[in-house]
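Read the structure below first, then the notes.
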Amino acid sequence: MTTARLAYIDCYTAITEAAVRAIRFAERTPLILNLGSDKLHPDIQQAAQDCRVVAIQTSIDETDASDAEALATGMYDRVRPQAAVVTLGRHGAIALTRDGLHRTSAPQALVRHTHGAGAAFSAGYAHTLLRGGTVDEALAAGCRLGTDHCAGRNPIIPAQRQLQPAIRL
């Protein structure tokens, strides 16, 4: 992990103990922490306290989109990441950073499934940041890749060859 540029760690409530171990193992590696749609567990918050958290990400139901900014603020205040990201399905995503609130819309598409949507979003977001993109570019890339994934016929995580068409820098 000492040479990794970024570590992505799922932090769902059901796997809190394993996620805490992974965060501690990562040591100084920059992290993206994905809560799924779960609340931030106090053990995850404590484990991430001295880490470089590039993003903490969660999702909320589209019908609760008006709560997204408060949710991002809560995560930002508790973890102090570079970005607190909330995905909003067809409404896109927001990120709260030290510079303020960032928003992006999701492309319109016929959604066939949502399994893996958060992971696909994270892949686009992380890929763009690792290529030197901004938070706004990363949000847009995450929404494009998440939408492309959900519009696909098979609920699989995207392969590297699928990233390039969806992520435009």
Side-chain angles (χ1 to χ4, degrees), residues 6-16 19 31-41 44 53-79 81-169:
L6 185 68
Y8 169 93
I9 302 173
D10 283 326
C11 296
Y12 312 135
T13 302
I15 60 170
T16 294
L31 303 173
I32 290 181
L33 305 177
N34 185 357
L35 305 177
S37 58
D38 293 344
K39 293 182 180 189
L40 176 61
H41 192 282
I44 299 293
V53 180
V54 172
I56 185 165
Q57 172 188 332
T58 195
S59 64
I60 59 173
D61 192 86
E62 294 171 348
T63 59
D64 297 324
S66 62
D67 299 331
E69 192 171 338
L71 181 57
T73 300
M75 291 190 307
Y76 188 85
D77 290 344
R78 291 176 66 194
V79 178
Q82 291 176 9
V85 177
V86 180
T87 60
L88 306 163
R90 65 186 166 101
H91 299 300
I94 67 165
L96 182 62
T97 69
R98 70 174 186 225
D99 297 326
L101 191 65
H102 305 258
R103 294 182 184 275
T104 193
S105 299
Q108 290 187 346
L110 174 63
V111 173
R112 297 176 179 272
H113 63 85
T114 58
H115 180 76
F121 174 92
S122 296
Y125 188 90
H127 185 266
T128 301
L129 290 180
L130 288 170
R131 292 184 53 115
T134 66
V135 169
D136 290 317
E137 291 168 335
L139 280 176
C143 283
R144 281 192 303 271
L145 192 59
T147 299
D148 287 353
H149 172 74
C150 292
R153 295 192 184 277
N154 299 313
I156 58 170
I157 301 303
Q160 176 67 28
R161 65 181 163 69
Q162 293 171 299
L163 286 171
Q164 290 307 320
I167 300 172
R168 296 179 288 272
L169 273 182

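Just the heavy atoms: all of them, side chains too, but no hydrogens, waters or symmetry mates, feed the values below.
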Exercise. Would you check if the side chain of Thr16 reaches a backbone N or O of Thr13 as a donor-acceptor pair within less than 3.5 Å?
Key: yes
Quiz item: Counting N and O atoms only, with roles assigned by atom type, does the side chain of Arg112 sit under 3.5 Å from a partner on the main chain of Cys150, one being a donor and the other an acceptor?
Solution: no
Quiz item: Cut-off 3.5 Å, side chains only: do Thr134 and Asp136 have a donor facing an acceptor?
Solution: no
Quiz item: So, the side chain of Thr58 versus the backbone of Gly36: is there a donor-acceptor pair under 3.5 Å, distance only?
Solution: yes
Quiz prompt | Which residues share a side-chain hydrogen bond (donor to acceptor under 3.5 Å, both in side chains) with Thr97, sequence neighbours left out | solution = His102
Quiz item: With a 4.5 Å limit on heavy-atom distance, are the side chains of Arg98 and Tyr76 in contact?
Solution: yes
Quiz item: Glu69 versus Leu101: any side-chain heavy-atom pair under 4.5 Å?
Solution: yes
Quiz prompt | Whether His127 side chain and Gly142 backbone form a donor-acceptor pair below 3.5 Å | solution = no
Quiz item: Does the side chain of Leu96 come within less than 4.5 Å of Met75's, by heavy atoms?
Solution: no
Quiz item: Partners of Tyr8 by side-chain hydrogen bond (donor to acceptor under 3.5 Å, both in side chains), sequence neighbours excluded?
Solution: Asp10, Asn34
Practice problem: Please check if the side chain of His91 supplies one atom and the backbone of Thr63 the other of a donor-acceptor pair under 3.5 Å. | Solution: no
Quiz item: Under 3.5 Å, is there a donor-acceptor pair between the side chain of Glu137 and the main chain of Thr128?
Solution: no
Exercise. Say whether, by atom type as modelled, one donor and one acceptor occur between the side chain of Gln57 and the main chain of Ile32 under 3.5 angstrom.
Key: no
